[in-house]
Number of protein chains: 2
Amino acid sequence: MSSLQEVARRAGVSKATASRALSGAAHVSPAARERVATAASELGYVVSSTASSLVTGRTKNVGVITPFINRWFFAEVLEGIEGALIRAGYDLTLFRLPSEPEQRSRLFHYFLVRKRVDAIVCLGVALTPAEVELIHTLRRPAVGIGGAIPGLPTMSIDDVEATRLATRHLIGLGHRRIVHVGGDLGEQMDFEVHARRLAGFRSAMEEAGLDCEGAFRATTFSVPGGYESALALLADPAIRPTAIVAGCDEIAIGVITAARELGILVPSELSVVGIDDHPYAPMFGLTTVRQVPGEQGEKAAEMVVRALADATDPLEPVASEIPIRLVVRRSTTAPPGVQSVR
Amino acid sequence: MSSLQEVARRAGVSKATASRALSGAAHVSPAARERVATAASELGYVVSSTASSLVTGRTKNVGVITPFINRWFFAEVLEGIEGALIRAGYDLTLFRLPSEPEQRSRLFHYFLVRKRVDAIVCLGVALTPAEVELIHTLRRPAVGIGGAIPGLPTMSIDDVEATRLATRHLIGLGHRRIVHVGGDLGEQMDFEVHARRLAGFRSAMEEAGLDCEGAFRATTFSVPGGYESALALLADPAIRPTAIVAGCDEIAIGVITAARELGILVPSELSVVGIDDHPYAPMFGLTTVRQVPGEQGEKAAEMVVRALADATDPLEPVASEIPIRLVVRRSTTAPPGVQSVR
DNA sequence: CTGAAAGCGCTAACAG
DNA sequence: CTGTTAGCGCTTTCAG
């Protein structure tokens with residue numbers, strides 16, 4: 001509405017001084033600074049971010065690309081990113097990556113490159129080498145979450161190690177008939193998460209000399225997916241596994257729900273291990289390989305913000321992979337009183 | 001990187017013609033248009049959105065304010081909004097509304113007003129009259145979701161009616177000992193959702209001449225919340241209710257999980273009705289009062305986009321309340337074979 | 001410490 | 001149909 005010009009006039013100074021006073025950076029006499037401040041607040045002045053972006057080349061805005069918004073892991077990371085960005089004075093522009101390749105490149109070129117964002121956070125998106133190069137050409141800091149992207153700093157768990165850990169945990173408990181209910185290899189996510197988690201399971205099984213034949217059930221990466229799959233898998237008591245490694249906690253929760261519905265006692269008759277540390281884990285007595293998505297988002301956002309702050313000129317991102325430490329977290333099982341009621 | 005100037009030079013036309021050719025609006029000779037197009041693509045040119053925003057006054061960007069990102073209903077609406085916006089060529093800038101009042105007003109003035117957004121979608125946020133006035137002053141189209149905001153078009157379900165419907169449904173089934181497990185009135189959401197849903201429950205109970213005394217359990221609006229609450233509520237078979245009206249589907253799912261853990265058969269020994277039509281509803285055999293959050297988001301986004309398109313100048317929003325139709329949706333109960341296994 | 005002036009990259013009249 | 005000319009609102013040298 002009201003421009004810097006008006007503020008300056010009202011304060012009896014020039015636009016330049018008003019600008020300096022407001023931005024707080026340069027040296028302005030206390031008196032002038034004061035007058036400008038009151039003038040601005042009286043007029044309800046706020047800088048036009050477009051105008052200031054045009055001249056500074058910085059938008060104070062970070063773009064986040066993600067394939068999903070309403071899936072627990074992604075939404076959680078998103079909240080973490082959002083918090084860190086707002087704290088640092090950055091806005092967050094959200095792009096959901098379409099699955100169709102041409103749509104995808106349209107998004108990249110049309111929406112992302114228009115000088116709309118100072119930096120980019122890629123959540124669960126494996127950028128192609130060409131896309132990474134584009135980001136480098138644009139000299140925009142970028143960081144990935146959920147899998148390694150060559151040429152970009154990324155943070156992610158080791159998906160192979162996660163299921164390996166889970167599987168070893170179950171083997172250590174004495175289980176021999178273990179099945180992996182994981183993501184359908186056909187509807188692969190980026191970074192081949194499904195395949196990598198399956199690989200970790202296989203590796204642990206083979207290392208223990210156990211047979212993997214038919215020990216994998218493919219499903220959707222969701223609670224209903226795990227439920228449907230387990231309903232079929234657990235129906236026949238004769239061939240039922242004694243333990244399940246779920247592809248993620250959501251699948252695990254579905255599996256446990258199905259098991260309970262079938263009258264199978266968890267964990268005495270069936271042990272289930274998931275991955276992610278979903279908030280519902282405790283109420284399902286779910287043991288899980290822990291990762292904290294919100295923290296990952298926060299860290300990633302802090303990284304790009306730091307890069308933005310450090311760099312006089314937009315910074316060349318350093319390539320490196322930041323691993324997330326994995327731990328098996330055993331949920332406290334339901335209170336004994338509850339168990340006995342059954 | 002490369003500017004319009006360079007494109008123009010390469011195509012042998014003026015900046016103005018290049019601009020017209022690229023934006024596609026005005027009349028440009030096919031030959032010139034062609035030359036500009038190839039020049040632009042050879043140079044990998046993309047408009048600087050900041051520069052173009054500065055002169056047009058439009059950012060092609062819509063702000064979305066929401067208190068939560070990682071809660072099913074909100075994330076779902078968000079996806080709907082995102083889809084509709086991207087389709088219309090708008091970006092989405094996401095603001096999570098802090099709960100602290102001063103932070104909130106800071107967000108409003110500092111982030112939202114800086115000419116960063118062409119329009120605003122308020123999701124689950126009850127704007128104050130002052131905030132609405134500010135939006136009107138800015139002449140920005142705005143629409144609310146989740147509750148009525150005087151002075152703004154809003155879309156929401158009737159929260160009172162939702163629980164009333166749910167409660168009547170249970171009463172119709174012959175239930176008399178019905179409890180409402182709903183949101184804690186202390187940690188109120190905007191629009192007094194918790195209180196309104198409780199009111200609907202009470203109204204239906206009283207209308208049927210049933211006693212509401214002690215028939216309300218306050219909890220968190222979440223699956224674990226419903227679970228914890230139900231564990232206590234259902235522990236004693238002697239005083240256990242035969243039906244529960246949950247404040248939302250997430251609570252309902254928690255309740256059902258607790259019931260199953262306690263060995264209570266659902267729905268034969270305990271009927272539960274939720275609100276929202278959560279994707280897990282079918283696997284829990286949950287009957288629910290249906291609303292489709294994704295569609296609400298889509299519609300809201302389409303409304304602001306239309307307002308933006310219709311208006312030569314940013315449009316004065318029309319105040320009106322768009323109700324969402326409510327229906328009780330009975331989930332198919334689990335397959336009979338499964339029931340008998342128990 | 002402060003003011004004048006020169007643009008940032010683009011679009012929108014206004015003449016040709 | 002196309003080129004010229006002004007700015008949009010701000011920051012930033014560069015002189016005072």
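Since this is a predicted model, take the numbers as computed values, not measurements. Chain identifiers are assigned alphabetically (A, B, ...) following the order of the sequence lines, protein sequences preceding nucleic acid strands; residue numbering begins at 1 within each chain. All heavy atoms count here, side chains included; hydrogens, waters and symmetry mates do not.
For the atom pair B:Ile145 CD1 and B:Phe191 CZ, the distance stands at 10.0 Å (nearest 0.5 Å). Separation of atoms CD1 (B:Ile120) and OG1 (B:Thr93) is listed at 11.0 Å; rounding is to 0.5 Å. Here the CD-OG distance, from B:Gln5 to B:Ser14, works out to 9.5 Å after rounding to the nearest 0.5 Å. Between the CZ atom of B:Arg87 and the CD atom of B:Glu82 there is a distance of 9.5 Å, given to the nearest 0.5 Å.
Per the geometry, NZ belonging to B:Lys15 stands 13 Å off P belonging to D:dG3, to the nearest Å.
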Table of protein N/O atoms under 3.5 Å from nucleotides 14-16 of chain D N/O atoms:
none

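Checked against D:dG9, C:dG9, C:dC1, the side chain of B:Ser3 finds its nearest nucleotide in C:dG9.
Across the interface with DNA chain D, nearest-nucleotide mapping of A:Ser19 and B:Leu54 shows B:Leu54 to be the residue nearer the 5′ end. Nearer the 5' end of DNA chain C, as judged by each residue's closest nucleotide, is the contact made by A:Thr17, out of B:Tyr45 and A:Thr17. Nearer to the 5' terminus of DNA chain D, by closest-nucleotide assignment, is the contact made by B:Ala32 (compared with the other of B:Val55 and B:Ala32). Along DNA chain C, the nucleotide nearest A:Val13 and the nucleotide nearest B:Ala16 are compared for position; the residue whose nucleotide lies closer to the 5' end is A:Val13.
For the helix from C:dC1-D:dG16 to C:dG16-D:dC1, the rotation axes defined at the first and last 5 base pairs enclose an angle of 30°, given to the nearest 10°.
Nearest heavy atom pair, residue B:Thr59 against residue B:Ser53, reads CA-OG, 3.4 Å.
Shown here is A:Glu133, whose CD atom has no more than 12 heavy atoms of other residues, nucleotides or ligands within 6.0 Å. Enclosure of atom CD in A:Glu192 is not indicated, since only 12 or fewer non-hydrogen atoms of other residues, nucleotides or ligands lie within 6.0 angstrom.
Applying the ring pair (Phe, Tyr, Trp, His ring centres under 6.0 Å) rule to B:Phe95 yields no partners; only residues at least two apart in sequence or on another chain are considered.
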